[in-house]
Amino acid sequence: MPHLDAAYNLARWLTRDAHDAEDVVQDACVRAIRYADTLQRGDGRAWFLAIVRNAFYDWLSRNRPAELVYDDDAVDEAADPAAANPEQSAQRSSELRGLADALAALPLQFREVLILREVEEMSYKEIARVAGVPVGTVMSRLARARALLQRSRSLQVIGTQRAGGER
């Protein structure tokens, strides 16, 4: 139970849809109950998120390819309702939408490690356990994900400047 929020966050970023994420987490909970005897002491979060990840991949193979699906709710929840003024709020919302678009466009293997590291604040070792890959692979995927995200954000800024008439 203490890891449900992290499970939902991971599932939501992987599925890119709130309702699909709920389905994945529900399936993961059923699996976790079924395999509770495999849980080792002190390893609950990584163990459960690995189950969520596996449930997602099973769900993905049954339901659809990993096409881009935009999740407006993720951006709306991240927006700061206490912003000083409407202009700041609109700017923050626009920036968050751009970031969400860039994250959603990342290949799945890069998106999942980036979400586990930056959103869920997991260690490289924990991410390696969740993803079932060596720590070195986690590190290289994170570096590649960050580079792709930075490149995407830079291209968005250039596009915005050109649309606004700046050079």
Should [X] and [Y] be counted in the same cluster of Ile, Leu, Val, Met, Phe, Trp and Tyr side chains packed under 4.5 Å apart?
X: Leu10; Y: Tyr35; answer: no
X: Val30; Y: Leu49; answer: no
X: Leu108; Y: Val25; answer: yes

Minimum-distance pair of heavy atoms, taken over all atoms of [X] and [Y]:
X: Val130; Y: Ala46; value: CG2-O, 3.4 Å
X: Val135; Y: Tyr124; value: CG1-CB, 3.9 Å
X: Arg129; Y: Ala50; value: O-CB, 4.2 Å
X: Ala28; Y: Ile51; value: O-CG2, 3.5 Å
X: Ala7; Y: Phe48; value: CB-CE2, 3.4 Å
X: Leu148; Y: Pro107; value: CD1-CD, 4.2 Å

Quick one: does [X]'s side chain have a donor or acceptor within less than 3.5 Å of a partner on [Y]'s backbone?
X: Arg16; Y: Ala104; answer: yes
X: Arg111; Y: Trp13; answer: yes
X: Thr15; Y: Ala11; answer: yes
X: Arg117; Y: Leu142; answer: no

- Working for side-chain contact (heavy atoms from CB on, under 4.5 Å), residues Leu114 and Leu149: CA-CA 10 Å; Leu114 191 65; Leu149 191 60; 3.7 Å; yes
- Message: Between Glu120 and Arg45, does any NZ, NE, NH1 or NH2 come within less than 4.0 Å of an OD or OE carboxylate oxygen?
- Response: yes
- Query: Does Asp27 pair with Arg31 as a salt bridge, N-O distance under 4.0 Å?
  - Reply: yes
Just wondering, do [Y] and [X] contact through their side chains at under 4.5 Å, heavy atoms?
X: Cys29; Y: Leu4; answer: yes
X: Leu14; Y: Val24; answer: no
X: Glu112; Y: Tyr57; answer: yes

- Atom CD of Glu22: over 12 foreign heavy atoms under 6.0 Å: yes
- With side-chain contact (heavy atoms from CB on, under 4.5 Å) as the test, would you mind laying out the steps for Ile115 and Asn9 before giving the verdict? CA-CA 8 Å; Ile115 294 303; Asn9 285 336; 5.6 Å; no
- Query: In Å and rounded to the nearest 0.5 Å, what is the CZ to CZ distance from Arg141 to Phe110?
  - Reply: 7.0 Å
- Message: With rounding to the nearest 0.5 angstrom, report the CG to CD distance, Leu103 to Glu118.
- Response: 10.0 Å
